[in-house]
Amino acid sequence: MQASVDILDPLAVAEAWVGEGRQVVIATVIETWGSAPRPVGSHLVIDGAGNFEGSVSGGCVEGAVISEAADVIEYGRPKIHEFGVADDTAWRVGLSCGGRIRVLVERVDG
C-alpha cells in the first residue's frame, strides 16, 4: 500500500520515497542574490532512478542539479553548487535576470 503524499510538498515526497526504500537526494536553495526564480528554502527531491519533485530554479540549473544527484547518491558526500550568470548568458541557463543561487545537494539516509 502506497502512502498518500501531498504533491506540493517535496519533503513529504522525500519521506515517502525513503519509506519505499528508494535512494533519495534533496537539493535546497540556501542563498540567492539578485533575481532568482525560487526563494531560499525551495526544495527539489530526486531519487536514484532520476524521478524528481519540486523545484530549485529552472532551465539548465535544475538539469545540472538533477545530474549531480547521482554522484551524491553514490558517494554520500553533500555538495554546494553556485549558479550565477552574466546578463548575456542568463536566458540560456534559466536565470533570466542575471541572479545567483547556491544549492545544497545532500543524500537522505533512511
Over all atoms of both residues, closest heavy-atom pair of [X] and [Y]:
| X | Y | result |
| --- | --- | --- |
| I46 | W17 | C-CZ3, 4.1 Å |
| Y75 | R107 | C-NH1, 4.3 Å |
| V45 | A14 | CG1-CB, 3.7 Å |
| H43 | V56 | C-CG1, 4.0 Å |
| L44 | E62 | CD2-CG, 3.7 Å |
| S57 | I101 | CB-CD1, 3.8 Å |

Using the test side chain to side chain donor-acceptor pair (under 3.5 Å), find all partners of T32 that sit at least two apart in sequence or belong to another chain. none
With sequence neighbours excluded, tell me which residues meet side chain to side chain donor-acceptor pair (under 3.5 Å) with E68. K79
Kindly state each residue pair satisfying salt bridge (Lys or Arg N to Asp or Glu O under 4.0 Å) with at least one member in residues 37-47, sequence neighbours excluded. R22-D47
I'd like to check [X] versus [Y] (side-chain heavy atoms, cut-off strictly below 4.5 Å). Are they in contact?
| X | Y | result |
| --- | --- | --- |
| L11 | I26 | yes |
| T28 | V103 | no |
| S42 | V29 | yes |
| F83 | H81 | yes |

Cluster partners of L104, using ILVMFWY side-chain heavy atoms under 4.5 angstrom, listed by chain and number? I30, I80
Report, as yes or no, whether the 6.0 Å neighbourhood of atom CD on E15 holds more than 12 heavy atoms from other residues, nucleotides or ligands. no
Test of understanding: with salt bridge (charged side-chain N to carboxylate O under 4.0 Å, His left out), list the residues that count as partners of E74, not counting sequence neighbours. none
Of all residues at least two apart in sequence or in a different chain, which pass the side chain to side chain contact (heavy atoms under 4.5 Å, CB included) check with I73? Q23, V25
